[in-house]
Asker: 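Have a look at the structure that comes next, please.
Since the structure is predicted, the reported quantities are computational estimates derived from the model, not experimental observations. A note on names: the letters A, B, ... follow the listed sequences, proteins ahead of strands, and every chain is numbered from 1.
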Amino acid sequence: MAKPSLPQGTRDFGPDVVRKRNYILNTIKNVFELYGFLPLETPAMENLDTLMGKYGEEGDKLIFKILNNGLDNPDKEKQIREDFEKVLQGKNTKGITERALKYDLTIPFARYVAMNHSQLTFPFKRYQVQPVWRADRPQKGRYREFYQCDADVVGSNALLNEVELASIYHEVFSRLKLDGYELRINHRKILTALAETCGGADKMMDITIAIDKLDKIGIDKVKEELIQRGLTADQVNIIEKYLNITGTNDEILVSLSEIIGNSENGKKGIEQVSFILANLQSQTLNLKLDPTLARGLNYYTGIIFEAKAPDIVKMGSIGGGGRYDDLTGLFGVPNIPGVGISFGVDRIYDVMEELNLFPPDVHVGTQVLFFNLGEAESKKSFELMQQLRHRGIRSELYHETAKFDKQFKYAEKKNIPYIIIIGEKELTDNTCTIKNLASGDQQSVSAASLLNHSF
RNA sequence: GUGGUUAUAGCUCAGCUGGUUAGAGCAUCAGAUUGUGGUUCUGAGGGUCGCCGGUUCGAACCCGGUUAGCCACCCCA
C-alpha cells in the first residue's frame with residue numbers, strides 16, 4: 001500500500017493547532033458580532049460561471065475546477081470528446097466542468113444577495129468564516145486551501161461603514177496582541193485619477209500593478225516596468241512624483257491634491273479618504289494613507305484596505321478589502337453597493353506563531369485529571385468527576401488503573417494543571433487530594449468541599 | 001504556470017572521492033521506583049535512505065523522471 005499523503009498545499013490540523021486557530025477565529029467572530037454582523041455560510045462549490053471573470057485573468061487560472069461525473073457514459077462519448085477539445089485549447093465548457101471550488105467569500109456573498117435581495121433587510125451586514133481554494137503554487141504564507149473571515153455591508157453608500165470596518169481591524173488585531181500591524185488605505189478613484197492625469201486612463205491596470213510593487217522592488221524597477229508596459233517618459237515622471245509622496249497622512253493628502261486634485265475622480269477620492277481619516281484619528285494610530293496601495297481584485301471601486309503584518313515577520317498582507325459599487329450587478333441585480341474586509345487566518349496564525357503571541361492557556365483543555373487507583377477508588381472518582389463536570393470543570397478520569405508515574409506523565413503531556421488523587425486512604429476518610437502540578441502544592445479536602453473548590 | 005533548492009528513525013539532523021551490518025540527540029517503551037511526575041542511570045524497539053527507473057562488481061551518495069516541502073517570479077490572504 002502506498003504511503004498516505006495530502007494534496008499539495010493542504011494541511012491537517014492537530015489538536016494543538018486547532019486550539020490556536022480557534023482562538024483566532026473566535027476572536028474575529030466575537031468582534032464581528034459585537035459590530036452587529038450576522039453569520040452566513042455558502043457551499044464549498046459554486047457553478048463555474050458564477051466565479052469566472054470576477055477575479056481578473058490571473059484569478060480565472062487559479063480557480064479549482066471540478067471534473068463532471070459521468071464522463072465515461074458511452075452514449076455521450078462524441079459530445080464529450082468535442083468538449084474536451086475545447087478544454088485542450090484552454091476554454092471552459094459545461095460538458096467537462098460545471099462547478100468549481102470557491103475562490104473567495106465575496107463573490108459567493110454577492111451571488112447570495114442577488115438571489116435573496118427581496119428578503120434581506122438593508123443595509124445587510126454579514127460575516128462569513130469558511131475555507132476557500134486557490135490552484136496556486138504553495139510557498140510561505142500561501143496555501144491551496146485556507147480560511148477567510150469576511151465582514152461585508154451591502155446596501156449602503158455611507159462612509160461610516162468604512163469607518164466601522166477599519167475599527168474592526170483595529171479591535172481584532174489589538175485583541176490578538178498584534179500591535180505592530182499596519183492598516184493601509186487608498187482609494188480606487190485616486191488611482192484612476194493618476195491614470196487620467198498621465199493621459200492613460202486605459203493604462204490603469206498596468207500602472208497599479210507596477211506601483212504596487214514599489215516597496216518590494218524600488219522606484220527604479222517600477223519605472224522600468226512602467227516603460228515596459230508602454231508608458232511614455234513624461235507619464236512616468238508624473239507617476240514618479242506621485243510615488244515620492246511621503247509624510248503624515250495630512251501631508252500626503254496635500255501632495256495628492258497638487259498632483260491629481262484637478263480631476264473629478266481625484267477630488268472625490270481625496271475627499272472620501274479625508275473623511276475616513278478624520279473619523280478614525282482618535283481611535284487608531286496604525287492607519288496609514290498609502291497612495292501606492294493597489295489591491296489586485298478588479299471589482300473594487302472606492303476605498304481599498306490592506307492590513308500588513310508587522311515588518312519583522314515578512315509576511316506581507318494579512319487582510320484586505322474595499323468598496324465595490326455594483327457586485328450584485330454581475331448577477332442581474334443592480335444598485336446594491338457594498339464594502340467589505342477580510343482576515344487571512346492562516347497567515348495571522350503563522351505571524352502569531354513567529355512572534356509567540358498565543359496566550360499560554362490556549363493549550364489547557366482538561367483542567368482536572370482524576371487518578372485511577374483501583375476499582376472502588378475509580379468508582380468514587382467517577383462519581384465526583386461527574387459532579388465537577390456539572391459545574392463546568394473540564395475533567396477526565398485516567399482510563400485504567402496504573403502506576404502513579406504513568407498517570408502523572410499523562411497529565412503533564414496533556415497540560416492538565418490539576419490532578420485529584422482518590423486512593424485507599426482517601427476512600428476511607430471520604431476525602432480527596434488535590435495537587436497543582438505546576439507548583440507541586442497539594443492539599444487534602446473533604447469530598448463535599450471539592451465541589452466548591454476553585455480550579 | 002516558470003525557475004532554483006531540499007527529501008535519511010516519530011522529530012531535528014550527521015553520514016568522507018560510490019565500498020561490509022546506515023549513526024547521534026530528543027521522543028517512545030521497559031527497568032532502577034507497587035501512594036507522588038518533571039532529574040538521573042541502564043536497557044530495548046524503531047529506517048525498502050520520498051517514490052520509479054538507469055549507470056556500476058557494488059548506490060543514501062552519480063544520472064533521468066516523479067511526488068512533496070521550502071524559496072524566488074507571476075499573482076495573492
Asker: Which comes earlier along RNA chain B counting from the 5' end, the contact point of A/Glu225 or that of A/Asn436, where each point is its nearest nucleotide?
Answerer: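 It is A/Asn436, whose closest nucleotide lies nearer the 5' terminus.
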Asker: Knowing that exactly one of A/Leu191, A/Ile185, A/Ile190, A/Thr208 qualifies, which makes a side-chain contact (heavy atoms from CB on, under 4.5 Å) with A/Ile304?
Answerer: A/Leu191
Asker: Considering only side-chain heavy atoms of A/Pro138, which listed nucleotide, B/rG35, B/rG69, B/rA77, is closest?
Answerer: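 Shortest atom-to-atom distance from the side chain points to B/rG69.
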Asker: Give me the distance, rounded to whole Å, that separates B/rG18 from B/rC11 when you measure between the P atoms they each carry.
Answerer: 28 Å
Asker: With P as the reference atom in both, quote the distance from B/rU21 to B/rU12 in angstrom, rounded to an integer.
Answerer: 29 Å
Asker: Rounding to the closest angstrom, what is the interatomic distance between B/rG46 and B/rC26 at atom C1'?
Answerer: 14 Å
Asker: Does any donor-acceptor pair link the side chain of A/Arg137 with the base of B/rG3 at a separation under 3.5 Å?
Answerer: yes
Asker: Would you indicate what A/Gly316 reaches in the nucleic acid, counting non-hydrogen atoms under 4.0 angstrom: base, sugar-phosphate, or nothing?
Answerer: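 Since no nucleic acid heavy atom lies under 4.0 Å of A/Gly316, the category is nothing.
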Asker: Knowing that exactly one of A/Asp136, A/Asp350, A/Asp346 qualifies, which makes a salt bridge (Lys or Arg N to Asp or Glu O under 4.0 Å) with A/Arg142?
Answerer: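 Testing each of A/Asp136, A/Asp350, A/Asp346 against A/Arg142, the sole residue satisfying salt bridge (Lys or Arg N to Asp or Glu O under 4.0 Å) is A/Asp136.
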Asker: Any base atoms under 4.0 Å from A/Ser342, or only sugar-phosphate, or nothing? Heavy atoms, all strands.
Answerer: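 Touches nothing.
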Asker: Using a cut-off of strictly less than 4.0 Å between a heavy atom of the residue and any atom of RNA chain B, enumerate the qualifying residues of residues 420-428 of chain A by number.
Answerer: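 Result for residues 420-428 of chain A: A/Ile421, A/Gly423, A/Glu424, A/Lys425, A/Glu426, sorted by number.
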Asker: Take A/Asp212 and A/Thr292, measure what side chain to side chain contact (heavy atoms under 4.5 Å, CB included) needs, and give me the verdict at the end.
Answerer: CA-CA 5 Å; A/Asp212 194 34; A/Thr292 71; 5.6 Å; no
Asker: Is A/Tyr398 close to A/Ser378 at the side-chain level, that is, under 4.5 Å between some pair of heavy atoms?
Answerer: no
Asker: Let me see the working for A/Gln443 and A/Thr433 under side chain to side chain donor-acceptor pair (under 3.5 Å), right down to the final yes or no.
Answerer: CA-CA 6 Å; A/Gln443 53 178 311; A/Thr433 301; over 6 Å; no
Asker: To the side chain of A/Arg142, which of B/rA77, B/rG37, B/rC70 is closest?
Answerer: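 Between B/rA77, B/rG37, B/rC70, the one nearest the side chain of A/Arg142 would be B/rA77.
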Asker: On the side chain of A/Lys435, is there an atom forming a donor-acceptor pair with the base of B/rU36 - under 3.5 Å, no angle test?
Answerer: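 Such a pair is found, so the answer is yes.
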Asker: Among B/rG35, B/rA30, B/rC75, which nucleotide has an atom closest to any side-chain atom of A/Asp136?
Answerer: B/rC75
Asker: Is A/Phe408 stacked against the base of B/rG38, taking the criterion as centroid distance under 5.5 angstrom and interplanar angle under 30°?
Answerer: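 Ring-base stacking flag not set for A/Phe408 and B/rG38.
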Asker: Taking the same atom, C1', in B/rC16 and in B/rC73, what whole-Å distance lies between them?
Answerer: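 Going atom to atom, C1' in each nucleotide, I get 37 Å.
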Asker: Identify the pairs formed between an N or O of the protein and an N or O of nucleotides 39-44 of chain B at a distance under 3.5 Å, and give each distance.
Answerer:
none

Asker: B/rG19 and B/rC62: how far apart are their P atoms, nearest whole angstrom?
Answerer: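 About 11 Å, rounded to a whole number of Å.
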Asker: Would you mind pulling out the nucleotide paired to B/rA59, Watson-Crick or G-U wobble, both distances under 3.5 Å?
Answerer: none
Asker: For B/rU8 and B/rG69, measure between their P atoms and round to the nearest Å.
Answerer: 14 Å
Asker: Would the A/Phe173 and A/Phe343 ring centres measure less than 6.0 Å apart?
Answerer: yes
Asker: Checking base pairs now: Watson-Crick or wobble, both atom distances under 3.5 Å. What partners B/rG1?
Answerer: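 By the stated definition (distances under 3.5 Å), B/rC73 pairs with B/rG1.
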Asker: What's A/Gly440 touching, base or sugar-phosphate or nothing? Going by heavy atoms closer than 4.0 Å.
Answerer: base
Asker: For A/Lys406 and for A/Tyr143, find the nucleotide of RNA chain B with the closest heavy atom, then tell me which residue's nucleotide is more 5'.
Answerer: A/Lys406
Asker: Please determine whether any donor N or O and acceptor N or O are separated by less than 3.5 Å between the side chain of A/Arg134 and the base of B/rC76.
Answerer: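 No, the side chain and the base share no sub-3.5 Å donor-acceptor pair.
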Asker: Suppose you measure atom C1' in B/rA9 against the same atom in B/rA60; what distance do you get, rounded to whole Å?
Answerer: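 B/rA9 and B/rA60 have their C1' atoms separated by 14 Å.
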Asker: Give none if B/rG64 has no partner; otherwise give the nucleotide forming a Watson-Crick or G-U wobble pair with it, both distances under 3.5 Å.
Answerer: B/rC52
Asker: A/Glu58 near the nucleic acid: base, sugar-phosphate alone, or nothing, with a heavy-atom cut-off under 4.0 Å?
Answerer: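 Sugar-phosphate contact only - A/Glu58 comes under 4.0 Å of backbone atoms but never of a base.
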Asker: Could you state the interatomic distance from CD1 (A/Ile393) to CD (A/Gln367), rounded to the nearest 0.5 Å?
Answerer: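 Those atoms lie 5.0 Å apart.
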Asker: Between A/Gln130 and A/Leu40, which heavy-atom pair has the shortest distance, and what is it?
Answerer: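 Closest pair (atom of A/Gln130, atom of A/Leu40, distance): OE1-O, 4.4 Å.
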Asker: Mind checking whether A/Tyr127 and A/Phe37 have ring centres under 6.0 Å apart?
Answerer: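 No: the rings miss the under 6.0 Å criterion.
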Asker: Is any side-chain heavy atom of A/Tyr55 closer than 4.5 Å to a side-chain heavy atom of A/Asp104?
Answerer: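 Yes; the side chains approach each other to less than 4.5 Å.
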Asker: Using atom C1' of each nucleotide, how far apart are B/rG58 and B/rC51 to the nearest Å?
Answerer: 22 Å
Asker: Does A/Gln8 make a side-chain donor-acceptor contact with the base of B/rU67, cut-off 3.5 Å?
Answerer: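 Flag unset: no donor-acceptor pair detected.
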Asker: List the atom of A/Ser167, the atom of A/Tyr35, and the distance in Å for their closest heavy-atom pair.
Answerer: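 That closest heavy-atom pairing would be CB-OH, 3.4 Å.
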